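Remember, it's a predicted structure, so these values are computed and weren't measured experimentally.
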Amino acid sequence: LLVTAVHMLAPEDPNKDEADNFLIRIAKRYLHTTDHYDGDKLFTYDNGKRVLTPMLLVMVAIGATDILFAFDSIPAIYGVTQEVYLVFTATAFSLMGLRQLYFLIDGLLDRLVYLSYGLTAILFFIGLKLIVHALHGNSVPFINGGRPWRRIPEIGPYSSLLVIVVILFVTVVASLLSPSGKVVSTIQSLDRKAQVFLAEDPVDSLHGCAENYESILRLQNQLSQMDQAQVAALKPQGFDELLVKVHEKWRSGPPGDLSA
């Protein structure tokens with residue numbers, strides 16, 4: 001948990017593909033795959049060979065994300081309760097509702113620009129709480145001679161929940177009230193939609209490209225009405241070039257399809 005918290009504080013790599021996780025790389029390396037969709041089919045034929053479509057890779061990526069989520073969430077739940085039944089059921093129900101919850105709050109996530117800092121604080125808190133709990137029941141020979149170490153009082157489950165709720169509340173309020181937060185959230189949303197638009201194949205997803213481009217124009221209009229000094233200070237490097245590529249792709253789309 002402490003390592004994950006430190007990792008969350010590190011700046012994001014703009015060239016990193018979040019979907020290109022370990023299982024996806026293994027699938028691409030050892031299985032025959034194609035970069036083109038064939039409707040909603042999981043398998044298709046490419047040059048006479050049966051290959052996997054990106055649709056199946058999407059399903060693998062979603063499953064891998066659920067597994068990684070479980071690895072992080074299980075020790076975090078142990079920071080609140082030691083009941084194995086509660087840990088198992090909480091993790092199972094969270095995985096069952098994870099994707100539905102994401103689609104529900106997808107737009108809100110761009111608005112909560114300080115959420116990563118709040119989650120980092122929570123991970124640090126839970127990690128330290130687990131260390132203190134382990135020291136109270138210590139039996140490791142090279143730590144305090146194998147005897148329990150109770151100089152730091154252990155934090156109870158209700159106190160833990162209160163700390164987590166307070167951190168999340170402060171994070172949400174700070175994100176919603178901060179003027180710079182509005183600018184950052186608009187820039188992040190615009191950057192994300194631009195990346196998706198550039199990655200889409202207009203032939204395979206004409207309607208999706210058109211909707212995405214309309215969203216980009218709407219976000220650009222919102223950004224133009226904000227404090228331009230803040231926008232210039234907060235936008236990432238290469239942001240303007242990214243938008244130029246978006247408009248160039250729209251204008252140079254298949255005749256009669258996109259630009260029409």
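Ion pair Lys235/Asp240 flagged as a salt bridge, since at least one NZ, NE, NH1 or NH2 atom sits closer than 4.0 Å to an Asp/Glu carboxylate oxygen.
Enclosure of atom CZ in Phe43 by more than 12 non-hydrogen atoms of other residues, nucleotides or ligands within 6.0 angstrom is indicated. Crowding of Gln225 atom CD: a count of heavy atoms from other residues, nucleotides or ligands under 6.0 Å exceeding 12.
Here the CD1 atom belonging to Ile155 is positioned 12.5 Å from the NE2 atom belonging to His133, to the nearest 0.5 angstrom. Remark: Phe197 CZ to Glu214 CD distance equals 11.0 Å, nearest 0.5 Å. Atom CZ of Arg218 sits about 11.0 Å away from atom CG of Leu190, to the nearest 0.5 Å. Between atom CZ of residue Arg192 and atom CG of residue Leu219 there is a gap of 9.0 Å, rounded to the nearest 0.5 Å. In this structure, OG1 in Thr89 is found 10.0 Å from CD in Glu83, a value given to the nearest 0.5 Å. Atoms CZ and CG, from Arg150 and Asn138 in turn, are 10.0 Å apart once rounded to the nearest 0.5 Å.
Grouping the Ile, Leu, Val, Met, Phe, Trp and Tyr side chains by contacts below 4.5 angstrom, directly or via other members, places Leu223 apart from Val196. The same ILVMFWY cluster, assembled from side-chain heavy atoms under 4.5 Å apart, contains both Val140 and Val132. No continuous path of hydrophobic side-chain contacts links Val172 to Val170 [ILVMFWY only; heavy atoms under 4.5 Å]. Residues Val166 and Val173 do not share a hydrophobic cluster, defined by chaining ILVMFWY side chains whose heavy atoms lie under 4.5 Å apart.
Lys129 and Gly156 make their closest contact through CE-O, 4.1 Å (heavy atoms, listed as atom of the first residue, atom of the second, distance). For the residue pair His136 and Pro148, the shortest heavy atom distance occurs at O-CB, 3.2 Å. The two residues Ala194 and Ile216 come nearest to each other via the heavy atoms CA-CD1, 3.9 Å. Minimum interatomic distance between Tyr114 and Thr171 (heavy atoms only, all atoms of both residues): O-CG2, 3.0 Å. When every heavy atom of His247 is checked against every heavy atom of Gln220, the shortest pair comes out as NE2-OE1, 2.8 Å.
The side-chain heavy atoms of Pro236 and Ile187, taken from C-beta on, include a pair separated by under 4.5 Å. Contact annotation: the side chain of Trp149 never approaches that of Ile143 to less than 4.5 Å [non-hydrogen atoms, C-beta and beyond]. In this structure, Val246 and Tyr213 have side chains that are in contact, with non-hydrogen atoms separated by less than 4.5 Å.
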For residues 116-126, run the donor-acceptor check on the side chains, cut-off 3.5 Å, and write out each pair with its distance to 0.1 Å, sequence neighbours left out.
unit_1	atom_1	unit_2	atom_2	d
Thr120	OG1	Ser116	O	2.7

May I have the step-by-step check of side chain to side chain contact (heavy atoms under 4.5 Å, CB included) for Gln195 and Leu242, ending in yes or no? CA-CA 8 Å; Gln195 296 282 3; Leu242 180 68; 4.0 Å; yes

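A donor-acceptor contact shorter than 3.5 Å is absent between the side chain of Gln230 and the backbone of Met226.
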